[in-house]
Amino acid sequence: MKTGSYGEIHITRTNTADGYYTAVNKGMLIPLERHEHFETVITLKNNFIHTVNGVSFRPEVGDVVILRPQDCHSAYPIDDTAEHICRDIYINQRLFKDACDYISPTLFVRIMTSKNPPSFHLDESELAAFEQSVDFSYLYAMAKDYEVYKSVKRIVACNLIGLY
């Protein structure tokens, strides 16, 4: 990965129903939506307005929001002079709860009952380290057995929730 450019970010696509999915979205208009799973939006380039549960804001590079199944959100570009880039990570409820329980037995309930979805900020070095941690393409390619694949998903989920 090129530091700061995000031009070399790997896009891992797996089946959301299988528990985990991640992709880089560039410049997409996202109409108001709600998911059955958890969706994490990590801002890599900030030329968009993000609206979460009716509150609009312009995220900074490194801002992270973990949308819960009850949260609604949308995003739209500010203008067409520069694209926005986000890392989206989708984790199904079972895997998300398992990762929370691994970290703390009360974390999942706290996240689900909080007024606002979890959000935090990663500085440039933390963001680069996290982006490297989600590039498990070599493991996906080499994982001939499903247990290795499941372990990779758990590592990403725990890493993400642990950052929060």
Side-chain angles (χ1 to χ4, degrees), residues 1 3-4 6 8-26 28 30 33-46 48 50-53 57 59-75 84-141 143 146-164:
M1 181 179 82
T3 304
Y6 304 107
E8 300 298 318
I9 293 175
H10 174 74
I11 300 172
T12 303
R13 294 186 180 274
T14 63
N15 184 344
T16 304
D18 201 24
Y20 168 79
Y21 168 96
T22 181
V24 174
N25 289 320
K26 297 182 178 185
M28 293 176 58
I30 301 169
E33 63 182 5
R34 178 181 287 152
H35 302 282
E36 294 178 13
H37 46 268
F38 288 82
E39 177 185 2
T40 299
V41 179
I42 303 171
T43 302
L44 303 177
K45 191 170 183 182
N46 62 334
F48 70 103
H50 197 182
T51 302
V52 178
N53 297 331
F57 57 97
E60 297 296 321
V61 172
D63 283 355
V64 180
V65 62
I66 301 174
L67 299 163
R68 304 158 300 182
Q70 72 261 31
D71 296 317
C72 294
H73 81 117
S74 63
H84 69 273
I85 304 174
C86 294
R87 157 81 57 200
D88 291 344
I89 300 173
Y90 303 91
I91 302 171
N92 72 19
Q93 291 185 44
R94 178 189 40 78
L95 179 60
F96 191 89
K97 183 178 184 322
D98 288 350
C100 284
D101 290 348
Y102 178 77
I103 294 167
S104 165
T106 60
L107 183 57
F108 184 77
V109 171
R110 285 195 326 242
I111 287 172
M112 292 302 290
T113 59
S114 175
K115 179 181 177 188
N116 297 310
S119 62
F120 54 98
H121 181 80
L122 300 175
D123 66 28
E124 187 176 338
S125 64
E126 292 168 325
L127 186 57
F130 183 76
E131 278 299 312
Q132 289 174 352
S133 80
V134 297
D135 183 3
F136 286 111
S137 55
Y138 61 97
L139 283 177
Y140 287 115
Y146 189 67
E147 291 305 312
V148 172
Y149 173 71
K150 287 194 324 189
S151 295
V152 169
K153 294 187 305 182
R154 287 188 192 106
I155 290 167
V156 172
C158 286
N159 186 3
L160 174 65
I161 296 163
L163 288 170
Y164 167 67

Pairwise side-chain contact, [X] with [Y], heavy-atom cut-off 4.5 Å (strictly under):
X	Y	value
Asp63	Ser119	no
Tyr90	Thr40	no
Val64	Leu122	yes
Pro118	Val65	no
Pro69	Glu36	no

For Ser125 and Asp123, does a side-chain donor sit closer than 3.5 Å to a side-chain acceptor?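 Yes, side-chain donor-acceptor contact under 3.5 Å.
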[atom1]/[X] to [atom2]/[Y] distance, rounded to the nearest 0.5 angstrom?
X	Y	atom1	atom2	answer
Ser104	Ile161	OG	CD1	11.5 Å
Cys158	Asp101	SG	CG	10.0 Å
Phe38	Met112	CZ	CE	4.5 Å
Leu160	Ile66	CG	CD1	4.5 Å
Ile85	Ile42	CD1	CD1	13.5 Å

With sequence neighbours excluded, tell me which residues meet side chain to side chain contact (heavy atoms under 4.5 Å, CB included) with Glu33. Ile30, His35, Glu39, His73
Is a side-chain donor or acceptor of [X] paired with a backbone partner of [Y] at a separation under 3.5 angstrom?
X	Y	value
Arg68	His37	no
Thr113	Val109	yes
Arg87	Leu44	no
Asn53	Cys72	yes
Thr43	Lys45	no

Please check if the number of heavy atoms outside Tyr102 that lie under 6.0 Å from its OH is greater than 12. no
Could you tell me which non-hydrogen atom of [X] sits nearest to which non-hydrogen atom of [Y], and how far apart they are?
X	Y	value
Ala75	Phe48	CB-CD1, 3.9 Å
Asn46	Pro59	CB-O, 2.9 Å
Val41	Cys86	CG1-SG, 3.9 Å

